[in-house]
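The structure appears below as structure tokens.
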Amino acid sequence: MAHLLRIDGKAADPCHRVSMASENLTETDHLESWIKSHPEVIDDTLMVVTTQFHSWASDTGKASERPDLLALSSSGELVVVELKREGDRRVHLQAITYGAMASEFSRDDLARAHVAWVAKEHGESISTEEALARLIDHVDGDLQESVFRLPRLLLVAESFPDQVMSTVQWLADIAPDLTIECHEYQVFRSAHDLMVSFQRLFPVDDLTDRRLRPAFQESLAGLSDQVRTKRRNAKSVTIIAEHELVPDGATVKFDPTGFVKKEVLDQVLQWLAEDPNRASATWESDPAKPLKWVLDPTRKWGSSHLSVGSGP
């Protein structure tokens, strides 16, 4: 259980744990609003695509399921977020259903959903092309529909019954390509303020890089490796930014060696040599897109767009 102190210099007053229900707070009106305004409390790589999406149809009928929140990570994964005010023994079953349905999204479907959400949420009218451009710009690398096949499932609740935790851990063992996370939040009240904290309960740490798989599982295993690489790149940049390992304003140099096919490497090196600024970027402490190319300082780039080494 988390403990929270309200501090004023050396003085500290304990904040008392309260429930959503006791404070008349609900999933849709409050919890969803907090997370869509600050998705970084569960993952600092998320961009909200839509909330309460309910336009599902097949050749034989329609469905009215409503995932609480659908997001896009900087790794290009779809992220299904299911919210609960209290513990719910079926929250993981709902999330799995929503994940299966979301896996059928195309890039255009995602853009159209974002258009509708932006209009409803912000009163802004944008085209499908503009929405798609925003999604592509958020992703560190390419926005690939093949990655949509493995949505990440995030369960967010005040508490998780033992049935849920047991099932989630079991699924992690028998279905390692499926990623389910459990995030617990707690509401606190002090004399004058109401606060909420978030923490990830499961998985305790990302051990997927150390998980062994049979070599003949090529179809989804190859896709999982691709997703893990994208996550690892995003996590590395986050660590560098959070710990200020590269100072703001530092110059970094683009080095294509090892990232460009050998048959075109000489051409790329020659192109870079024609103008030294082509190989230069400036570092900013942004966990998603820390690079500004000298020749286009109005746009920011992620680590997968530019391969860099520290400048002199």
Side-chain angles (χ1 to χ4, degrees), residues 39-40 43-49 71-79 107-108 110-111 114 126-148 206 208-209 222-312:
E40 68 273 10
D43 187 330
D44 58 11
T45 72
L46 295 186
M47 169 188 176
V48 177
V49 176
L72 182 69
S73 75
S74 61
S75 64
E77 298 169 275
L78 288 182
V79 180
R107 287 167 30 129
D108 289 341
L110 209 62
H114 194 53
I126 62 174
S127 67
T128 303
E129 292 74 18
E130 289 175 304
L132 183 58
R134 293 184 184 184
L135 299 175
I136 292 173
D137 188 58
H138 176 71
V139 173
D140 186 8
D142 297 328
L143 183 62
Q144 300 175 333
E145 290 183 359
S146 59
V147 179
F148 293 176
D206 187 358
T208 51
D209 291 341
L223 180 55
S224 298
D225 291 340
Q226 180 182 355
V227 170
R228 281 195 297 275
T229 298
K230 288 175 174 286
R231 286 184 194 165
R232 187 164 53 245
N233 289 342
K235 186 175 182 180
S236 298
V237 173
T238 298
I239 292 173
I240 293 172
E242 287 181 349
H243 294 275
E244 299 181 350
L245 300 180
V246 177
D248 274 353
T251 298
V252 291
K253 297 291 185 180
F254 175 67
D255 180 4
T257 306
F259 295 91
V260 176
K261 294 181 180 179
K262 292 181 179 180
E263 54 267 27
V264 298
L265 179 59
D266 289 341
Q267 299 177 36
V268 174
L269 291 173
Q270 180 180 350
W271 180 80
L272 293 174
E274 291 173 357
D275 183 349
N277 286 328
R278 290 175 177 173
S280 296
T282 303
W283 176 273
E284 292 185 354
S285 293
D286 184 325
K289 296 188 176 183
L291 300 173
K292 282 189 175 182
W293 191 27
V294 171
L295 295 182
D296 186 9
T298 62
R299 184 177 180 186
K300 301 178 72 173
W301 301 80
S303 61
S304 292
H305 284 93
L306 299 177
S307 303
V308 299
S310 296

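The shown structure was predicted, so the numbers you read here are calculated from the model rather than taken from an experiment.
With values rounded to the nearest 0.5 angstrom, S73 atom OG is found 10.0 Å from D140 atom CG. Here the CD atom belonging to E145 is positioned 7.0 Å from the CG atom belonging to D108, to the nearest 0.5 angstrom.
Residues A131 and A111 come closest through the heavy atom pair CB-O, 3.5 Å. Smallest separation of non-hydrogen atoms from T282 and G249: CG2-CA, 3.7 Å. Contact detail for S127 and E130: the closest heavy-atom pair is N-OE1, 2.7 Å. Nearest heavy-atom pair across N277 and W293 is O-NE1, 3.6 Å. Closest non-hydrogen pair, V147 versus G76, comes out as CG1-O, 3.7 Å.
Looking only at side-chain heavy atoms (C-beta outward), V79 and D43 stay at 4.5 Å or farther from each other. Under the 4.5 Å side-chain criterion, counting only non-hydrogen atoms from C-beta, V48 is not in contact with L46. You'll find the side chain of H114 stays beyond 4.5 Å of the side chain of L72, heavy atoms only. The closest side-chain heavy-atom distance from R107 to L135 is not below 4.5 Å.
In terms of the salt bridge (charged side-chain N to carboxylate O under 4.0 Å, His left out) criterion, residue partners of E284 (sequence neighbours excluded) are, by chain and number, K292, K300.
For residues 264-275, every residue pair satisfying the salt bridge (charged side-chain N to carboxylate O under 4.0 Å, His left out) rule, not counting sequence neighbours, is listed here: E274-R278.
Side-chain atoms of H138 come within 3.5 Å of backbone atoms of T45 as a donor-acceptor pair (strictly under, hydrogens ignored).
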How far apart are the C-alpha atoms of T251 and V294, what are their side-chain angles, what is the distance that settles it, and do they pass the side-chain contact (heavy atoms from CB on, under 4.5 Å) test?
CA-CA 9 Å; T251 298; V294 171; over 6 Å; no
